[in-house]
Amino acid sequence: MSNTDLFNADERKVYDAVIIGAGVIGPCIATALARKGKKVLIVERDWAEPDRIIGELMHPGGIRALRSLGMVQAINNIDAIPVTGYTVFYNGEKVDIPYPYKADLEPVEKLKDLVKDGNDQVLEDATIHRKDFEDGERERGAAFVHGKFLTNLRNMVAKESNITRLQGNVIEVLRNEKREVIGCKVDIENRGKVDFKGHLTFVVDGIFSHFRKELRDDHIPAKDSSFVGMALYHAKMPTPNHGHVILGPQHSPVICYQVSPEETRILCAYNSTTLPKDLKSWMAKDVQPYIPESLRPSFDTALAAGKFRSLPNSYLPAKINDVMGLCVIGDALNMRHPLGGGGMTVGLQDVVLLIKKIGDLDFSDRTTILDELLDLHYDRKSYAPVINVLSIALYALFAADSDNLRDLQRGCFRYFQRGGDCVDTPIKYLAGVNPHPYQLTRTFFAVALYTIYLKFEERGFLGLPVALLEGIMILITAVKVFTPYLLGEIMG
Ligand SMILES: Cc1cc2nc3c(=O)[nH]c(=O)nc-3n(C[C@H](O)[C@H](O)[C@H](O)COP(=O)(O)OP(=O)(O)OC[C@H]3O[C@@H](n4cnc5c(N)ncnc54)[C@H](O)[C@@H]3O)c2cc1C
């Protein structure tokens, strides 16, 4: 199919599915549905490779979801860097946290009609070694240049004969007289505004979604901080193949991971959506001194070049998909703090669940589809809140702006330093492979109690009353940071 075909979609057809957006999640839904025999129209405003600094590290939970969909080879031939775990730095000390053992997890589910001819396994290429991924004893993630990964996903879409691709800007979600969704209006170059109809319309238009409000007017993300990013070149990673989190009581968290053999992404949190006027001076004063030694030459060069890119960090709890003919999914539905790098994992796990629920149904039976979408909202509460609440709680601790939070931050690092279960359990939440929100609660409060224990140890016998008071304050802070988000996610 040539690129001119991107403008020729037939508006006389009624498609089974109309998908708005071909970012990370749209192409996965399109490919999965096409393999289930559905006729799909996917509309993207620009099919050219995007240049974005989001969605660059995928945890094992996301890789496993891609395997279930038969799309894991999207990480191949893009110079992706295998990720084997995380390294956390705290005031010059560090702790390595490897990803979980495969033997401790359920086997990956292979979805019928989607997984075939070995497409649930990675291929050998210049940077991905099949043996390591397939036969290694631990789960692996991958980091990559976002645009290249998207191009691979979009190429998979292009290969499916049941999919029609369209380039154009969706300007309206169409409704009938009963207010049910029946498709979308697309502004197409040299063709004008054209209506396309489908039994089910997916809104997958990402972070800055225009159409998430089709669910509810108040489906609006809260924005409270930003990430300022830079590209480092030929950086010497302190722990190769690990994501890095750099913490300290005096600065907001910094995350850093290699995205290709040459390029490393660094994202520095800033505790407001209004950025400092002079980003260079802020970086030099508040970030540069805390960068680990081996990263400094590449960091200093990038800082001197001053090519910054920034994005707001958003939080958006999911709303129930209860509008006939509509499914809002991906970042349009649900967002969390990018510190945890869990956005793609949640979105892809949603796609797996969605396909299990509706993949074999007749989309013209819109009432049955709606019932399944209502269920999806509750079924996703096993895994999505874990990643969402963890990201918010970690950001609160890691960007600590009060003494109690700073104590919790230190307690968290000391907890990791204990090793064993104290790292094996938390990494499962981060990796997106432990779908148990209540276990996350237990771990979070174990960290809080350990922080209190450290306080008692530090204060000694004579300081007992002070330690007791501090302990109560730490516990109250922990409850405040964690509980409202958990309850919101579970009850909402
Ligand atoms: C700073 C930052 C860093 C992040 N880092 C990570 C990370 O390391 N790991 C991770 O897992 N997640 C990360 N995320 C989250 C991740 O990027 C998202 O979860 C993921 O991209 C969501 O995919 P999506 O398909 O829903 O949306 P997107 O990937 O944003 O795709 C939306 C698509 O819709 C198209 N579109 C929008 N409007 C229209 C329209 N009107 N008409 C036609 N097309 C339209 C857009 O062009 C785009 O292609 C990060 C997020 C941020 C903000």
Side-chain angles (χ1 to χ4, degrees), residues 6 18-30 41-63 65-66 83 86 141-147 149-151 153-154 157 165-173 184-188 196 202-212 214 221 223 225-229 243 245 255-257 259 265-270 273 309-316 328-351 384 387-388 391 430-432:
L6 285 175
V18 171
I19 298 175
I20 304 171
V24 177
I25 303 306
C28 296
I29 300 173
L41 172 73
I42 179 163
V43 193
E44 165 59 46
R45 63 176 157 219
D46 188 357
W47 285 89
E49 187 163 296
D51 176 17
R52 307 197 292 178
I53 58 162
I54 62 168
E56 293 180 305
L57 187 149
M58 184 178 290
H59 287 304
I63 299 285
L66 282 177
V83 180
Y86 262 69
F144 35 67
V145 173
H146 176 86
F149 173 62
L150 236 59
T151 297
L153 291 177
R154 290 172 174 185
V157 165
R165 296 175 300 154
L166 174 63
Q167 176 153 313
N169 189 27
V170 176
I171 50 171
E172 189 185 334
V173 166
C184 65
K185 190 186 285 296
V186 189
D187 194 356
I188 308 167
F196 291 90
F202 290 91
V203 165
V204 206
D205 57 350
I207 307 178
F208 301 111
S209 170
H210 275 306
F211 297 115
R212 60 164 64 103
E214 295 290 330
K223 300 185 173 100
S225 63
S226 315
F227 261 136
V228 181
V245 182
I255 54 177
C256 181
Y257 34 82
V259 294
R265 176 75 54 235
I266 191 158
L267 294 174
C268 311
Y270 186 74
T273 48
R309 304 169 78 179
S310 66
L311 272 168
N313 301 326
S314 314
Y315 177 65
L316 178 72
V328 179
I329 191 163
D331 271 19
L333 177 72
N334 183 204
M335 290 193 284
R336 70 293 309 150
H337 200 288
L339 176 72
M344 293 188 289
T345 293
V346 174
L348 292 170
Q349 290 175 342
D350 281 348
V351 180
I387 293 181
N388 295 343
S391 76
L430 189 78

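Numbering of ligands and ligand atoms starts at 1, following listing order.
- In terms of protein heavy-atom proximity, atom 1 (C) of ligand 1 is closest to Leu311 CD1, 3.8 Å.
- Regarding atom 18 (C) of ligand 1, its nearest protein heavy-atom neighbour is Asp331 OD2, 3.2 Å.
- Closest to atom 30 (O) of ligand 1, if we only count protein heavy atoms, is Arg52 NH1, 3.1 Å.
- When the options Asn388, Asp331, Leu333 are evaluated for a side chain to side chain contact (heavy atoms under 4.5 Å, CB included) with Val346, the one that passes is Asn388.
- Heavy atoms of Ser314 found under 4.0 angstrom from ligand 1: none, in either backbone or side chain.
- The shortest contact between atom 50 (C) of ligand 1 and any protein heavy atom is with Gly55 N, 3.7 Å.
- By the 3.5 Å distance cut-off applied to N or O atoms, Ile53 is not counted among the residues near ligand 1.
- Within the 3.5 Å criterion, the main-chain N or O of Val228 finds no donor-acceptor partner in the side chain of Ser310.
- Using modelled atom types, no side-chain atom of Asn313 and backbone atom of Lys223 make a donor-acceptor pair closer than 3.5 Å.
- Judged purely by atom type and a 3.5 angstrom limit, Arg212 uses its side chain to pair as donor or acceptor with the backbone of Ile207.
- Checked against a 3.5 angstrom limit, the closest N/O atoms of Gly330 and ligand 1 fall outside it.
- With hydrogens and angles disregarded, no donor-acceptor distance shorter than 3.5 Å links the side chain of His210 to the backbone of Val170.
- A donor-acceptor pair is defined here as one N or O able to donate and one able to accept, closer than 3.5 Å; such a pair exists between the side chain of Asp205 and the backbone of Phe211.
- Checked against side-chain contact (heavy atoms from CB on, under 4.5 Å), Ser391 has the following partners two or more places apart in sequence or in another chain: Arg336, His337.
- Side-chain atoms of Arg52 never come within 3.5 Å of backbone atoms of His146 as a donor-acceptor pair (strictly under, hydrogens ignored).
- Here is the list of ligand 1 atoms found below 4.0 Å of a heavy atom in Pro338: 2 (C), 3 (C), 4 (C), 50 (C), 51 (C), 52 (C).
- Of all atoms in ligand 1, numbered sequentially from 1 with element shown, those under 4.0 Å from a heavy atom of Asn169 are 40 (C), 41 (N), 42 (N).
- Of all protein heavy atoms, the one closest to atom 8 (O) of ligand 1 is Leu57 N, 3.1 Å.
- For atom 52 (C) of ligand 1, the closest non-hydrogen atom on the protein side is Ile54 CG2, 3.4 Å.
- For ligand 1, the polar-atom distance check finds an N/O of Gly341 within less than 3.5 Å of one of the ligand's N/O atoms.
- In this structure, the side chain of Glu44 does not engage the main chain of Arg154 through any donor-acceptor pair within 3.5 Å.
- Among Val228, Val170, Leu339, the residue whose heavy atom lies nearest to atom 42 (N) of ligand 1 is Val170.
- By the criterion of a heavy-atom distance under 4.0 Å, both the backbone and the side chain of Arg45 are placed next to ligand 1.
- Heavy atoms of Phe208 found under 4.0 angstrom from ligand 1: none, in either backbone or side chain.
- Shortest non-hydrogen contact noted between Gly432 and Ile387 is CA-CD1, 3.7 Å.
- In Arg154, the part holding a heavy atom less than 4.0 Å from any atom of ligand 1 is the side chain.
- The protein atom (non-hydrogen) at minimum distance from atom 21 (O) of ligand 1 is Val24 CG2, 3.6 Å.
- Note on ligand 1: Met58 sits outside its first shell, no heavy atom being nearer than 4.0 Å.
- Heavy-atom separations between Asp46 and ligand 1 are all 4.0 Å or longer.
- When heavy-atom distances to ligand 1 are checked against a 4.0 Å cut-off, Arg265 has no atom that comes that close, whether in backbone or side chain.
- Looking only at heavy atoms of the protein, atom 49 (O) of ligand 1 is closest to Glu44 OE1, 2.7 Å.
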